[in-house]
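Inspection log for the structure reproduced underneath, given as structure tokens.
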2 protein chains.
Amino acid sequence: MTHLKHPAMTQALREAGYRLTQPRLAVLQVLQENDAGLSPEEIYRQGKTLCPTLGLVTVYRTLDLLAELGLARRVHSEQHCHSYASAGADRHYVICQACRRVIEFPCHGLDDLIAEVRQRTGYTIVGHLLELSGLCPDCQARQEM
Amino acid sequence: MTHLKHPAMTQALREAGYRLTQPRLAVLQVLQENDAGLSPEEIYRQGKTLCPTLGLVTVYRTLDLLAELGLARRVHSEQHCHSYASAGADRHYVICQACRRVIEFPCHGLDDLIAEVRQRTGYTIVGHLLELSGLCPDCQARQEM
DNA sequence: TTCCTTATTGAAAAAATATTTCAATACGTT
DNA sequence: AACGTATTGAAATATTTTTTCAATAAGGAA
Ligand SMILES: [Mn+2]
Ligand SMILES: [Mn+2]
Ligand SMILES: [Zn+2]
Ligand SMILES: [Zn+2]
């Protein structure tokens with residue numbers, strides 16, 4: 001529990017005027033230790049090992065809070081819809097269909113496409129989510145056996 | 001009820017060996033009449049006007065079925081996660097943050113980006129989901145008043 | 001440090017969503 | 001029209017999420 005890998009995140013919480021509580025730190029840490037999307041239930045399970053008194057309600061509340069602050073984001077996919085992962089501002093990631101491991105990537109070359117869509121549809125575009133899905137190297141290897 | 005706008009879809013159902021029942025036709029029609037993502041509950045509500053005996057359970061079952069056949073797809077967004085829309089094979093759409101209207105667009109110029117990600121991460125990429133979000137023309141106008 | 005104020009918590013209850021079961025029904029075939 | 005069976009809706013069950021509220025603990029003041 002004691003110290004998190006990314007103190008930047010805890011500071012962001014503090015600076016936004018929120019208290020740095022044990023339950024919140026636990027949730028934050030769980031998110032940091034997993035790059036796959038985790039369901040609230042799973043975050044709760046892992047979080048309890050860090051903060052035994054942690055309640056599931058608080059997990060939900062904390063995820064809402066972190067998402068609002070941009071410290072966590074929802075991971076969407078056809079299978080698991082409501083899972084969360086630690087996050088910066090980006091919303092571009094590859095997700096492994098087998099083990100659900102998530103890797104973010106910088107998103108270049110989308111600007112042209114966005115401009116085209118804006119023109120074609122008349123929508124103003126203020127954000128986007130690009131999810132690629134496939135198989136991570138490990139799962140590719142495992143599949144070849 | 002009687003005839004759907006896109007008989008192609010009903011044929012796809014038949015050809016896959018499924019019966020063309022009133023409840024299924026109702027769900028299909030509701031999806032076709034809305035370009036926004038609809039929740040199962042909302043599909044149920046609208047569907048009942050077409051097939052009064054329709055049950056919510058059947059809506060769930062039918063959505064599963066249609067999604068499997070590629071005739072419907074889940075629409076993901078930060079706000080409403082589990083909604084469905086009529087669909088072809090594509091998974092590229094703009095969604096209006098205000099009225100939730102969805103427009104699909106053809107996706108060009110993603111190939112380079114995907115190749116880059118494949119190289120950088122080692123993932124094999126088999127599919128993708130690109131969701132742009134913003135404001136539709138109507139909602140832009142409404143906002144300027 | 002101790003004391004205070006109040007944001008935050010967890011348990012419990014309630015609400016909202018989703019799934020399973022099963023007898024009745026309607027679809028498609030003969 | 002008659003049949004066999006996939007499909008249905010109601011009810012029960014399970015799962016997920018939200019609300020409420022008294023107890024607690026975080027952070028600032030003394
Ligand atoms: Mn989703
Ligand atoms: Mn594409
Ligand atoms: Zn994998
Ligand atoms: Zn709109």
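So you know, we letter chains A, B, ... as the sequences are listed, proteins then strands, and number each from 1. A quick note: this is a predicted structure, and the numbers were derived from the prediction, not measured.
- For A:Arg61 and C:dA11, the CZ to P distance is 11 Å, given to the nearest whole Å.
- A straight line from CG of B:Leu54 to C1' of C:dA26 spans 15 Å, rounded to a whole angstrom.
- Atoms OH (B:Tyr60) and C1' (D:dT16) sit 11 Å apart, rounded to a whole Å.
- Considering only side-chain N and O atoms, A:Thr53 lies nowhere under 4.0 angstrom from the phosphate OP1 or OP2 of C:dT9.
- Listed candidates were D:dC21, C:dA26, D:dG9. Nearest to the side chain of B:Arg19 is C:dA26.
- Considering only the side chain of A:Val57, C:dA12 comes nearest among D:dG4, C:dT8, C:dA12.
- With the nearest nucleotide of DNA chain D identified for both B:Tyr44 and B:Leu65, B:Leu65 has the one nearer the 5' end.
- Contact annotation: the side chain of A:Ile43 never approaches that of A:Thr62 to less than 4.5 Å [non-hydrogen atoms, C-beta and beyond].
- Of the candidate nucleotides C:dA26, C:dT9, D:dT8, C:dT9 has the atom lying nearest to any side-chain atom of A:Thr58.
- Rounded to an integer number of Å, the gap from A:Leu56 CG to D:dT19 P is 14 Å.
- At distances below 3.5 Å, at least one donor-acceptor pair connects side-chain atoms of B:Gln140 with backbone N or O atoms of B:Leu135.
- For the pair B:Arg24 and C:dC27, the criterion of a side-chain N or O lying under 4.0 Å from OP1 or OP2 is not met.
- Rounded to whole angstrom, the span from the CD atom of B:Glu42 across to the P atom of C:dT17 amounts to 12 Å.
- Relative to the side chain of A:Arg14, the nucleotides D:dG27, D:dA26, D:dT8 differ in distance, and D:dG27 lies closest.
- In this structure the side chain of B:Arg24 reaches within 4.5 angstrom of the side chain of B:Tyr18, judged on heavy atoms.
- Remark: P of D:dT5 and CG of B:Leu20 are 21 Å apart, rounded to the nearest angstrom.
- The hydrophobic clustering, which links ILVMFWY residues whose side-chain heavy atoms are closer than 4.5 Å, places A:Leu56 and A:Val27 together.
- Rounded to an integer number of Å, the gap from CG of B:Asp64 to C1' of D:dT7 is 15 Å.
- Closest approach of B:Leu132 to A:Ile125, counting heavy atoms only: CB-CG2, 3.9 Å.
- Which of D:dA26, C:dT9, D:dT8 sits closest to the side chain of A:Gln22 comes down to D:dA26.
- If you check D:dG9, D:dG27, C:dG10 against the side chain of A:Pro23, the one that comes closest is C:dG10.
- To the nearest angstrom, P of D:dA10 lies 8 Å from NZ of B:Lys48.
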